[in-house]
Every structure is written in C-alpha cells, then in structure tokens.
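Below is one structure, written out as structure tokens; comments come after it.
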Amino acid sequence: MKEKCTIIGKTCPICNDVTSGIHYGIHTCESCKSFFKRAISFKKSPKFKCASSQGTCALSPATRSACQLCRFEKCIQAGMLPSLVRQRGERGGRAKLYLKC
DNA sequence: GACTCAGGGCCATGG
DNA sequence: CCATGGCCCTGAGTC
Ligand SMILES: [Zn+2]
Ligand SMILES: [Zn+2]
C-alpha cells in the first residue's frame with residue numbers, strides 16, 4: 001500500500017474543519033469525533049433540542065454549533081457510524097470498516 | 001515482531 | 001459553569 005487515501009488532509013463535511021483522519025467511517029476532525037462520541041455517550045434523554053426538535057435547520061457548517069441535534073444528524077448523514085463508538089470503555093476498539101477511498 | 005492507523009479518555013480553552 | 005475543540009494514550013490492524 002503506502003498510497004493511502006489522498007483524501008486525508010481535506011475538510012470534514014460536518015464543520016469544514018481540517019480532518020485529522022478517518023473517524024467513525026468518514027474523514028472528520030477531532031471536534032466532530034469528540035462531539036459524536038459524546039452524543040453517543042450521552043445516549044440518555046434527548047436533550048438535543050432544536051427549533052421544534054425536528055432538526056429542520058439549515059445544517060450548514062456555520063450553524064453546526066447552533067443546534068446539536070442538527071449537528072448529530074449531519075454526522076449520520078455524512079456517513080458516520082454510531083456503531084463504531086465504543087460505549088463500553090475500551091480504547092483501541094478499531095472498526096473493521098475501512099473507506100474504499 | 002515492529003510500525004501504522006484509528007478510537008477513547010482526559011485536558012485546556014472558549015462561549 | 002458547561003460545551004466545544006484538541007492533544008495524549010492505548011489498542012487493534014497491517015506490514
Ligand atoms: Zn468536523
Ligand atoms: Zn436545529
């Protein structure tokens with residue numbers, strides 16, 4: 001290999017920030033990684049409120065911080081897999097799913 | 001067997 | 001004070 005995926009080093013579709021690599025199935029930044037992990041970790045009462053909780057916001061990179069609900073949904077729509085989030089407390093829980101590049 | 005790549009945890013800064 | 005954003009460590013996966 002060595003060729004890797006040249007797509008690394010771009011920007012994530014969630015916040016348009018610089019990607020740190022592949023996280024949860026797609027190229028995301030550390031911000032989305034932590035936020036997505038937290039969202040799954042919370043997994044409790046849907047505190048993520050929006051304008052009617054419908055998540056019908058613009059879902060734009062500029063308003064990503066506006067509504068956590070929209071941000072979380074955008075992560076899913078981007079292609080992030082919640083199943084890859086370790087909620088058991090294990091660290092190196094690497095997923096078997098790799099991007100086709 | 002050693003290096004790489006990715007994920008989870010905890011930290012520091014920002015709102 | 002809490003949330004966001006980031007860096008660090010551990011661990012699976014690859015070579
Ligand atoms: Zn991002
Ligand atoms: Zn919203």
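Letters A, B, ... are given to chains in the order of the sequence lines, protein chains preceding strands, and every chain is numbered from 1. All of these numbers come straight from a predicted model, not from anything done at the bench.
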Whole angstrom is fine here: how far is it from CZ in A:R94 over to P in C:dT14?
7 Å
Atom pairs under 3.5 Å, N or O on each side, protein against nucleotides 6-10 of chain C: can you list them with distances?
| from | atom 1 | to | atom 2 | distance (Å) |
| --- | --- | --- | --- | --- |
| C:dG6 | OP2 | A:S31 | OG | 2.3 |
| C:dG6 | N7 | A:S34 | OG | 3.3 |
| C:dG6 | O6 | A:S34 | OG | 3.2 |
| C:dC7 | N4 | A:E30 | OE1 | 2.7 |
| C:dT10 | O4' | A:R91 | NH1 | 2.9 |

Nearest heavy atoms of A:G25 and A:L84, plus distance in Å
N-CD1, 3.7 Å
With salt bridge (charged side-chain N to carboxylate O under 4.0 Å, His left out) as the rule and sequence neighbours excluded, what pairs involving residues 24-35 of chain A come up?
A:E30-A:K33
Within the distance-only criterion (no hydrogens, no angle test), does the side chain of A:T19 pair as donor or acceptor with the backbone N or O of A:K10 below 3.5 angstrom?
yes
Heavy atoms from C-beta onward define the side chain here; which of B:dG8, B:dA6, C:dG5 lies closest to that of A:R71?
C:dG5
Rounded to the nearest 0.5 Å, what separates atom CD1 in A:I40 from atom CZ in A:F72?
4.0 Å
Sorted by chain and residue number, the ring pair (Phe, Tyr, Trp, His ring centres under 6.0 Å) partners of A:Y24 (sequence neighbours excluded) come out as A:F36
How long is the line joining CD1 of A:I40 and P of B:dG7, in whole Å?
14 Å
To the nearest Å, how far apart are A:I22 CD1 and C:dT14 P?
12 Å
Please report, rounded to the nearest Å, how far the P atom of C:dA3 is from the CZ atom of A:F35.
10 Å
State whether A:H23 places a side-chain N or O below 4.0 Å from either non-bridging phosphate oxygen (OP1 or OP2) of B:dA6.
no
Starting at atom CZ of A:F72, determine the distance to atom P of C:dT4, rounded to an integer number of angstrom.
13 Å
Does anything in residues 19-29 of chain A form a salt bridge (charged side-chain N to carboxylate O under 4.0 Å, His left out)? List the pairs, not counting sequence neighbours.
none
Spacing of A:S34 atom OG and A:H23 atom NE2 [to the nearest 0.5 Å]:
9.0 Å
Between P of B:dA6 and NE2 of A:H27, the distance in whole Å
7 Å
Return no unless some side-chain N or O of A:Y24 is found under 4.0 Å from OP1 or OP2 of B:dG8.
yes
Please state how far atom CD in A:Q87 lies from atom P in B:dG8, giving the value in whole angstrom units.
9 Å
So, is A:Q68 close to the C:dT4 phosphate, meaning a side-chain N or O under 4.0 Å from OP1 or OP2?
yes
Give the rounded distance in Å between these two atoms: CZ of A:R88 and C1' of C:dG11.
13 Å
